[in-house]
Amino acid sequence: MERDRAMLLDHDRRVVGLSSQPFRATWLGAMRLVSHTPDYFARLEDGSAVVIDVRPKDRVRPQDTEKFAETEAMCQALDGWSYVLVHEPDPVVMANVR
């Protein structure tokens, strides 16, 4: 599924740069240190950035939801950055991209 998302990003004309597992964010959680490595970082033609996590809908656990929310908050705090959690791509779209 991550490969499919990379292919979709590669076909998106707005994307001018793409990095897989670009960084690890670490923060102090309620009881311990928590870290998360997003799946992709995409630089867009307008200079903005998108941090992307790829996860099937049925595999998002409560601890994942917390990590995704913290990652989104971090991105919102950075000028020009956004965050998106994506799930399974549309099979027809993927067939066309392939």
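Model, not experiment: these values are computed from the prediction.
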Original post:
Quick one: does Lys67's side chain get under 4.5 Å of Ser35's, heavy atoms only?
Top reply: no
Interatomic distance, OG@Ser48 vs CZ@Arg43, rounded to 0.5 Å, equals 7.5 Å
(request) Look at the aromatic rings of Phe23 and Trp81 and report parallel, tilted or perpendicular, splitting at 30° and 60°. (result) tilted
d(His36 NE2, Thr26 OG1) to nearest 0.5 Å is 11.0 Å
The reported gap from CZ in Phe41 to CD in Gln21 (rounded to nearest 0.5 angstrom) is 15.0 Å
Practice prompt. Evaluate the side-chain proximity of Leu8 to Val86: yes if any heavy-atom separation is below 4.5 Å, no if none is.
Written response: no
query = Would you say Asp64 and Arg59 make side-chain contact, with heavy atoms under 4.5 Å?
reply = no
Taking every heavy atom of Val15 against every heavy atom of Ala42, the minimum-distance pair comes out as CG1-CB, 4.2 Å
dist Glu88:CD -> Met94:CE (nearest 0.5 Å) comes out at 12.5 Å
For residues 8-29, the salt bridge (charged side-chain N to carboxylate O under 4.0 Å, His left out) pairs (sequence neighbours left out) are Asp12-Arg14
Sorted by chain and number, sequence neighbours left out, side chain to side chain donor-acceptor pair (under 3.5 Å) with Asp58 holds for none
Those residues at least two apart in sequence (or on a different chain) that pass side chain to side chain donor-acceptor pair (under 3.5 Å) with Asp4 are Arg98
Applying side-chain contact (heavy atoms from CB on, under 4.5 Å), run through Met74 and Trp27 and close with a yes or a no. CA-CA 10 Å; Met74 177 199 71; Trp27 60 91; over 6 Å; no
When every non-hydrogen atom of Arg3 is compared with those of Tyr40, the smallest separation belongs to N-OH, 4.1 Å
For Val54 and Asp39 the tightest heavy-atom approach is N-OD2, 2.6 Å
Do side-chain atoms of Tyr83 reach the backbone of Asp53 as a donor and acceptor pair under 3.5 angstrom?
no
CE of Met7 to NE2 of His11, rounded to nearest 0.5 Å, is 6.5 Å
Rounding to 0.5 Å, atoms OG1 (Thr71) and CD (Gln76) come to a distance of 11.0 Å
